[in-house]
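The structure appears right after this line, and notes come after that.
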Amino acid sequence: MQRDTLVFDLIKQELERQRRGIELIASENFTSLQVMQAMGGVMTNKYAEGYPGRRYYGGCEIVDQTEQLAIDRLKQIFNIEYANVQPHSGAQANAALMLSILQPGDAILGLDLSMGGHLTHGSPVNFSGKLYRPHFYTVTKEKGLIDYEMLESKAREIKPKLIICGASAYSRDIDYKRIRKVADEVGAFVMADIAHPAGLIAKGLLSSPFEHCQFVTSTTHKTLRGPRGGVIMMGKDFENPFGLKDVKGNIRMMSNLIDMAVFPGTQGGPLEHVIAAKAIAFGEILTDEYTVYAKQVQSNAQAMAKAFVNRGYKIISDGTDNHLMLIDLRNKNISGKKAEQVLGHADITANKNMVPYDDKSAFVTSGIRFGVPAITTRGMKEDHMEFVVNAVDTVLMNADDANTLSKVKSQVNEFMSQFILYPELG
Ligand code: DSN
């Protein structure tokens, strides 16, 4: 078959784009070459509906081993009893988890999307807000911290079946213990979606949710630096809350309910090539090298936040505990939309983001979100944050000056040439 030069040329252009720019999207990262090789390998050809040792197709004896490796390594990373590595994404993980414990119309309580939450935590445009009855807590107006008192009073009033914690644009640690306390009081489960900070939690740099939240979901491609995908985990397995029995009349464990909700509940064949890549990434996370990386992520984020504050930028909650920060640009007289656009002209990639109590729409926004997982993988240290923040600031303060934008772009490209990305790819 003729090589598709059109598509491969676009892939080459994307590699060049990633190489020359400063990547500040908090949810992105650069996987290792071996993770990408697994994703582009022959396991993409295999159907394997079911689970290791219990498949609906023949020829699964090899993919059984990679999937079991992924499961075992993930359990080792977090020191937990249960992991399902089949969800195709974080959204799929959340859909399956909710399917396993909720009935349509059940009340759920999550952090409002416009306050840093996530679409799958009850947004009316998402399955979670359409199938279930969503309610929300917020962050406080003064400090930008999760309003635990509101969470508690809403939980007592609504009596949700599930309380969801975790966020996409929240830079502080979470008090899982406090959330579990009110959940127990009102008869709710707690699910922590750790898609963003999972890598820092893995290395003990942030509080662990496993002791307090019955269910934990994550993506695998953000701080975890693996392939795009999702996982569902439990610190401890337990008998299912509904007394569901299997064909032999045995009560099924919660792990069985979740497995069934992933397949056949919400997915068909698992992506075994991605699962092989997850296994590789999880192996990398177990190394000391990754521990050094995770600590550097946290230090870089703090250095970056300090550099922004020194230039008069308003960080929501006044700083960061994790890998990201959300900046309110209103005192800088530029919208998030425009900021994202002009930063793009200088080869700096970030995403506009609503800030709490924003007066602009989600398409315009008053804020911008910055994260350091990707630039830390490129090799940047605390000292480099000064260059990055200076470049961002110069762009934002000269947003309508094409000459300045082009000058910063050249400086960015020159700066990034010292942090080699995928040298093996030529
Ligand atoms: N889209 C992801 C993010 O950027 O945070 C969340 O799913």
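Read the numbers this way: they start at 1 and go in the same order the structure lists the ligands and their atoms. For the single chain, residues carry numbers from 1 onward in sequence order.
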- prompt: Per the salt bridge (Lys or Arg N to Asp or Glu O under 4.0 Å) rule, which among Lys407, Arg19, Arg20, Arg17 passes with Asp347?
  reply: Arg20
message: Is the distance between the ring centroids of Tyr148 and Tyr137 under 6.0 Å?
response: no
- request: Indicate the atoms forming the closest heavy-atom contact of Asn29 with His221, along with that distance.
  value: CB-O, 3.7 Å
- prompt: Is the centre of the His384 ring less than 6.0 Å from the centre of the Phe419 ring?
  reply: yes
- line: CG (Leu405) and CD (Gln341) are apart, to the nearest 0.5 Å, by 10.5 Å
- request: Count the heavy atoms belonging to other residues, nucleotides or ligands that lie under 6.0 Å from CD of Gln13, then report whether that count exceeds 12.
  value: yes
- request: At a heavy-atom distance under 4.0 Å, which protein residues reach ligand 1? Sort them by chain and number, would you?
  value: Ser27, His118, Ser168, His196, Lys222, Arg369
